[in-house]
Amino acid sequence: MRAANDPRVQLLAELADETRYAVLERLEQGPASASELAERLDVSPTRLANHLRRLRDAGLVAVSHQGRLALYELAEPGLREIFSMLNGLRGAPPRTGRPVRAATCYDHLAGQIGVALMDHLVQSRALEARDGEGELKLGPAAARGFAQLGVELPTKPARRTLAFSCMDSRIGRPHLGGQLGAQLAASLREKGWVKPTAQPRRLELTPAGDKALHRLGIRLEAAVDHAKNHTD
């Protein structure tokens, strides 16, 4: 079979265009109208319409209508994993600004809390690295380790990658991505350990969450200390 007919190659061709990739990154944050996308990306409506058509034809973007308003959104949830993995392939980026204590990266946890939880799960052998890959697998202590954080391990395979290392740009070390990363973020919100703030994607660690992490022996500052020791 010719490579040109391979749907994976066609997908990469769509992602390789800077404007189309920027559209997908914006839609990862939520639905948007064509006019909002054109203004955000600083492209003409005519040029944007062509890119949106290609993304729809590729099955990457879907459109819904609210009255006369057309809203575009991601049609393929797995794109979030692709974005995260691409960030990881670039390696550890230089850290910029003050480390964020708690935030979201797509739908999983980032910042000091995300990196510290990743360290905890790996050190306790709840997660293990696959040889030569960013993807992670369940370790011998997975059931206990995730149960302590309110996460129930899936019993059926899902379309989504179970777990992988997602590079945290503010700290320069990975946090947990994939299905388990999303479940972990949802669990901590439900437990009241973290809560949203007025800033998009920023979270606040609550006193209850701080105490719970302390009981588990998880120290957020250790994530930053580890990064400094490996870059100084």
Side-chain angles (χ1 to χ4, degrees), residues 25-30 77 79-124 126-127 129 134-136 142 145-151 160-232:
E25 280 202 305
R26 165 57 189 86
L27 294 182
E28 187 277 327
Q29 301 172 28
L79 284 172
R80 291 179 172 86
E81 267 63 58
I82 293 177
F83 294 147
S84 296
M85 288 180 178
L86 286 175
N87 289 337
L89 287 174
R90 293 182 304 194
R95 290 178 285 123
T96 59
R98 297 178 60 186
V100 174
R101 190 167 178 82
T104 57
C105 173
Y106 305 104
D107 59 352
H108 45 266
L109 288 171
Q112 290 175 273
I113 188 171
V115 173
L117 285 169
M118 173 78 155
D119 286 346
H120 172 74
L121 290 167
V122 171
Q123 290 168 7
S124 65
L127 286 173
E135 191 173 344
L136 303 167
F146 279 99
Q148 289 179 325
L149 299 168
V151 176
R160 189 170 187 180
T161 303
L162 181 65
F164 64 89
S165 298
C166 181
M167 187 60 64
D168 197 299
S169 60
R170 282 297 189 115
I171 297 178
R173 299 189 55 234
H175 53 252
L176 179 60
Q179 181 182 355
L180 288 178
Q183 289 180 227
L184 180 60
S187 175
L188 265 61
R189 285 194 295 266
E190 291 171 4
K191 287 175 170 292
W193 293 6
V194 296
K195 63 181 182 180
T197 69
Q199 292 180 277
R201 297 183 177 271
R202 292 293 180 90
L203 298 172
E204 179 183 340
L205 179 66
T206 66
D210 191 43
K211 290 179 181 178
L213 295 179
H214 186 266
R215 285 197 301 270
L216 292 172
I218 299 173
R219 188 171 69 87
L220 303 191
E221 290 73 15
V224 179
D225 293 342
H226 186 282
K228 288 180 178 178
N229 291 337
H230 284 72
T231 56
D232 291 347

* **Residue pair Ile218, Ile113: steps toward the side-chain contact (heavy atoms from CB on, under 4.5 Å) verdict** => CA-CA 9 Å; Ile218 299 173; Ile113 188 171; over 6 Å; no

* Asked: Counting only heavy atoms not in Lys211, do more than 12 fall under 6.0 Å of its NZ?
  -> no

* **Contact summary for His120 and Leu216, nearest pair of heavy atoms** => CE1-O, 3.8 Å

* List the steps and the verdict of side-chain contact (heavy atoms from CB on, under 4.5 Å) for Leu176 and Leu117. => CA-CA 8 Å; Leu176 179 60; Leu117 285 169; over 6 Å; no

* Asked: Do Leu136 and Leu180 pass the side-chain contact (heavy atoms from CB on, under 4.5 Å) test, and can you show the C-alpha distance, the side-chain angles, and the key distance before you say yes or no?
  -> CA-CA 10 Å; Leu136 303 167; Leu180 288 178; over 6 Å; no

* Go through the steps for Arg101 and Leu220 under the test side-chain contact (heavy atoms from CB on, under 4.5 Å), then give the verdict. => CA-CA 8 Å; Arg101 190 167 178 82; Leu220 303 191; 3.8 Å; yes

* Measure across Val151 and Ser187 and return the closest heavy-atom pair with its distance rounded to 0.1 Å. => CG2-CB, 4.1 Å

* Specify the closest pair of heavy atoms between Cys166 and Cys105, including all atoms of both residues, with the distance to one decimal. => SG-SG, 3.8 Å

* **Separation of Arg219 CZ from Leu213 CG (nearest 0.5 Å)** => 13.0 Å

* Angle class for the Phe164/His108 ring planes (parallel below 30°, perpendicular above 60°, tilted otherwise)? -> perpendicular

* Asked: Between Leu205 and Gln112, is any pair of side-chain heavy atoms under 4.5 Å apart?
  -> no

* Does Glu204 have any side chain to side chain contact (heavy atoms under 4.5 Å, CB included) partners at least two apart in sequence or in another chain, and if so, which? -> Lys195, Thr197

* Asked: So which heavy atom on Ala110 is nearest to which on His175, and how close?
  -> CB-CE1, 3.5 Å

* To do: Have a look at Arg189 and tell me which of Leu184, Val194, Leu109 forms a side chain to side chain contact (heavy atoms under 4.5 Å, CB included) with it.
  => Val194

* Within the side chain of Thr206, is there an N or O that forms a donor-acceptor pair under 3.5 Å with the backbone of Trp193? -> yes

* **Nearest heavy atoms of Leu188 and Leu149, plus distance in Å** => CD1-O, 4.1 Å

